[in-house]
Amino acid sequence: MNKNRIEIDIKIPNQTRYLRLIGKIGEELAIGLNEYSGNCNTLAYYINLVITESVINTITHANACDPDKMVHLSIGIEHDELVIRVFDEGEGFDINNVPPPDFEGLEEGGRGVFLIRAIMDSVNYRKMGTENVLEMRKSLKNK
Amino acid sequence: MNKNRIEIDIKIPNQTRYLRLIGKIGEELAIGLNEYSGNCNTLAYYINLVITESVINTITHANACDPDKMVHLSIGIEHDELVIRVFDEGEGFDINNVPPPDFEGLEEGGRGVFLIRAIMDSVNYRKMGTENVLEMRKSLKNK
Amino acid sequence: MNLDIAEQKKLVVIAIKEERLDAHNATDLKSELLALFEQGKKNILINLQDVRFIDSSGLGALVSGFKNAITNQGSLKLAGLQPQVKSMFELTRLHRVFDIYPTAADVPELP
Amino acid sequence: MNLDIAEQKKLVVIAIKEERLDAHNATDLKSELLALFEQGKKNILINLQDVRFIDSSGLGALVSGFKNAITNQGSLKLAGLQPQVKSMFELTRLHRVFDIYPTAADVPELP
Ligand SMILES: Nc1ncnc2c1ncn2[C@@H]1O[C@H](COP(=O)(O)OP(=O)(O)O)[C@@H](O)[C@H]1O
Ligand SMILES: Nc1ncnc2c1ncn2[C@@H]1O[C@H](COP(=O)(O)OP(=O)(O)O)[C@@H](O)[C@H]1O
């Protein structure tokens with residue numbers, strides 16, 4: 001059962017200087033996935049990106065850039081899926097109401113959630129007790 | 001207070017193929033340590049080594065190479081110290097009774113604990129409830 | 001952030017000497033670009049050959065620079081995109097916005 | 001594990017094509033070396049130039065090979081150690097046991 005289970009639970013200060021570290025951890029996890037049916041290096045880049053995008057949203061939106069807060073996330077393998085969860089204690093938001101980017105306009109922001117959805121197989125954001133959790137899953141099979 | 005606190009808690013199957021991943025996580029943590037007074041790349045190598053040596057001991061000695069068991073470890077920054085803890089539920093051992101390697105002989109094994117002690121500032125192994133914990137600390141200052 | 005800035009006739013060439021162009025350093029790049037426009041330098045080439053990773057904030061800083069260049073009747077071109085970096089432009093359709101050259105040497109001289 | 005094995009006159013040169021020589025692949029190396037000794041090949045050079053990381057099990061596999069070489073009136077030499085790999089030999093005093101050459105080309109021909 002346990003055979004491929006991996007759990008990495010991370011707490012870092014609410015600061016952008018740690019984005020590299022958490023992105024790299026996701027990348028290294030993906031690089032070692034013998035069981036992945038696709039290109040591990042491409043997956044590694046994408047996982048790095050998804051972690052970076054979701055955590056910068058927590059840093060800026062949920063935690064209002066307060067450097068004394070902490071960010072909590074987990075990266076793991078569960079039943080042939082790579083699962084990333086990012087927790088926050090902010091006001092929350094409705095992820096299904098985030099509009100797609102305006103591809104004709106030239107907005108500076110608004111591409112984070114779009115990229116996360118483009119890369120992952122399932123993405124949801126919900127309240128769980130006193131916190132919110134953004135849960136992102138990617139199947140390692142038949143893709 | 002939180003300013004530099006980092007906690008990375010990891011669970012992996014009791015298999016040597018995951019040594020690279022956990023070693024790399026320690027390495028990446030060390031590479032980003034702006035506050036370290038020494039050479040971050042050397043520290044990164046050493047942390048990779050200490051994690052590899054301590055976890056292989058858990059895999060082989062405490063978990064008797066059973067691939068269905070799990071290994072639990074944590075890597076973090078606490079008050080200007082890099083702290084690595086490796087937990088096991090094996091029979092335990094007295095780390096203070098591990099003899100130094102025989103530098104004149106040609107033993108194949110018996111260098112792991114010696115290397116861990118040579119690299120880290122403090123090393124102890126103790127019972128904590130139902131598990132044992134090997135706790136290894138390295139100061140990031142004035143070294 | 002680490003940048004190499006060189007002037008080649010009418011073109012300012014900025015080589016980004018960072019592995020990542022992300023939310024941690026994108027604001028720095030934005031300010032550097034703004035400072036150049038304020039000095040009247042308006043034709044910019046950004047060489048991304050050392051950048052292995054870009055996120056949406058990095059893309060945002062380039063879009064910001066592009067808009068400022070246009071407003072100043074100038075230009076902002078890109079060169080040296082690694083394949084995975086390039087794929088971020090494609091995913092976000094920004095490859096249709098920027099002039100993208102394989103290497104800095106491929107960029108034609110300004111008239 | 002990935003190894004390039006080439007025979008140069010009386011010497012068998014093994015290039016280890018792995019980033020890590022650790023508890024995960026050290027047993028493989030030990031068996032490869034044993035197989036060579038069993039075939040009567042007893043003078044071995046191990047090129048570590050691609051190895052960025054070695055742990056005590058990796059060192060142990062080399063010690064095992066060294067002892068087997070001696071028992072068979074042969075030799076086991078090392079070349080291409082990266083600085084951090086070299087420091088592992090120094091910490092464990094094994095640099096006094098092995099003949100260590102900067103590169104494979106520096107190893108003198110066998111008589
Ligand atoms: N963790 C979060 N908490 C609150 N709001 C969020 C969170 N993550 C995203 N959002 C909201 O979703 C919007 C879209 O996010 P995104 O696509 O990443 O673009 P950007 O962050 O550049 O605005 C954000 O502007 C913000 O309003
Ligand atoms: N987690 C552990 N549980 C039980 N015994 C251990 C553990 N870690 C180390 N030991 C004991 O300490 C000894 C020395 O360990 P080490 O120096 O790493 O050398 P080696 O593992 O090669 O024998 C081991 O042989 C083992 O008996």
Side-chain angles (χ1 to χ4, degrees), chain B residues 12-28 30-31 38-61 63 65 67 71 86 98 100-120, chain D residues 1-2 16-34 37 48 50-72 74-78 81-99:
Chain B
I12 48 161
N14 193 53
Q15 296 166 29
T16 56
R17 58 178 280 214
Y18 298 105
L19 290 172
R20 190 201 65 84
L21 172 63
I22 53 172
K24 267 283 186 178
I25 292 175
E27 195 163 316
E28 293 298 340
I31 285 174
N39 179 323
C40 279
N41 289 322
T42 306
L43 180 67
Y45 187 99
Y46 282 160
I47 296 306
N48 189 339
L49 184 80
V50 162
I51 292 172
T52 303
E53 296 293 346
S54 52
V55 171
I56 190 64
N57 278 348
T58 301
I59 292 177
T60 54
H61 301 304
N63 288 346
C65 300
V71 176
V86 183
V98 173
D102 172 2
F103 292 117
E104 305 309 319
L106 282 175
E107 300 296 328
E108 278 180 46
R111 295 181 183 87
V113 169
F114 167 77
L115 284 170
I116 293 171
R117 284 192 191 281
I119 289 166
M120 302 302 277
Chain D
M1 88 186 294
N2 291 313
I16 301 190
K17 296 288 175 193
E18 298 279 348
E19 201 192 293
R20 288 172 66 101
L21 178 55
D22 66 0
H24 184 53
N25 55 20
T27 353
D28 290 357
L29 178 62
K30 259 174 75 172
S31 337
E32 293 279 353
L33 289 172
L34 267 179
F37 293 125
L48 293 168
D50 293 329
V51 175
R52 208 185 59 77
F53 179 88
I54 192 166
D55 70 357
S56 71
S57 307
L59 294 170
L62 298 174
V63 168
S64 151
F66 181 84
K67 287 198 289 189
N68 277 314
I70 300 293
T71 315
N72 290 282
S75 63
L76 187 142
K77 300 183 162 75
L78 304 176
L81 280 62
Q82 295 191 22
Q84 292 177 325
V85 168
K86 186 147 196 200
S87 78
M88 289 298 110
F89 285 83
E90 285 159 1
L91 265 175
T92 54
R93 326 281 207 272
L94 287 171
H95 63 300
R96 301 187 307 204
V97 168
F98 291 99
D99 281 340

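Sequence lines set the chain letters: A, B, ... in the order given, protein chains first and strands last, and positions in each chain run from 1. This structure is a prediction, so every number in the text was calculated from the model and none was measured.
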Is the shortest side-chain heavy-atom distance between D/P83 and B/Y45 below 4.5 Å?
no
Partner chain D: residue of B/L19, B/T42, B/I56, B/T60 with the largest heavy-atom pair count (under 4.5 Å)
B/L19
Quick one: does B/F103's side chain get under 4.5 Å of D/V97's, heavy atoms only?
no
Heavy-atom distances under 4.5 Å only: say whether B/L49 touches chain D with side chain, backbone, both or neither.
both
Quick check on B/F114 against chain D: is it the side chain, the backbone, both or neither that has a heavy atom closer than 4.5 Å?
side chain
Would you give the length of the straight line joining atom CE of D/M88 to atom CZ of B/R111, rounded to the nearest 0.5 angstrom?
12.5 Å
Mind listing the closest non-hydrogen atom pair of B/A118 and D/L91 along with its distance?
CB-CD2, 4.1 Å
Got a sec, which pairs hit salt bridge (Lys or Arg N to Asp or Glu O under 4.0 Å) with one end in residues 100-109 of chain B, sequence neighbours left out?
B/E104-D/R96, B/E108-D/K30
What are the residues of residues 64-72 of chain D, in order of number, with any heavy atom under 4.5 angstrom from a heavy atom of chain B?
D/S64, D/F66, D/K67
Locate the shortest heavy-atom distance separating D/H24 from B/R17; write the atom from each residue and the value.
ND1-N, 3.4 Å
Do you know which of D/A26, D/A61, D/S57, D/G60 has the most heavy-atom pairs under 4.5 Å to chain B?
D/G60
Top of D/I54, D/N25, D/D22 for chain B proximity - count of heavy-atom pairs under 4.5 angstrom:
D/I54
May I ask you to test the B/N48-D/R52 pair for a side-chain heavy-atom distance under 4.5 Å?
yes
Within this structure, what is the CG-OG distance for the pair B/N57 and D/S56, rounded to the nearest 0.5 Å?
7.5 Å
Heavy-atom cut-off 4.5 Å, strictly under: side chain, backbone, both or neither for B/L106 against chain D?
both
Which atoms of D/L94 come close to chain B, meaning under 4.5 Å heavy atom to heavy atom: side chain ones, backbone ones, both, or neither?
side chain
Give, as side chain, backbone, both or neither, the part of D/D55 having an atom under 4.5 angstrom from any heavy atom of chain B.
both
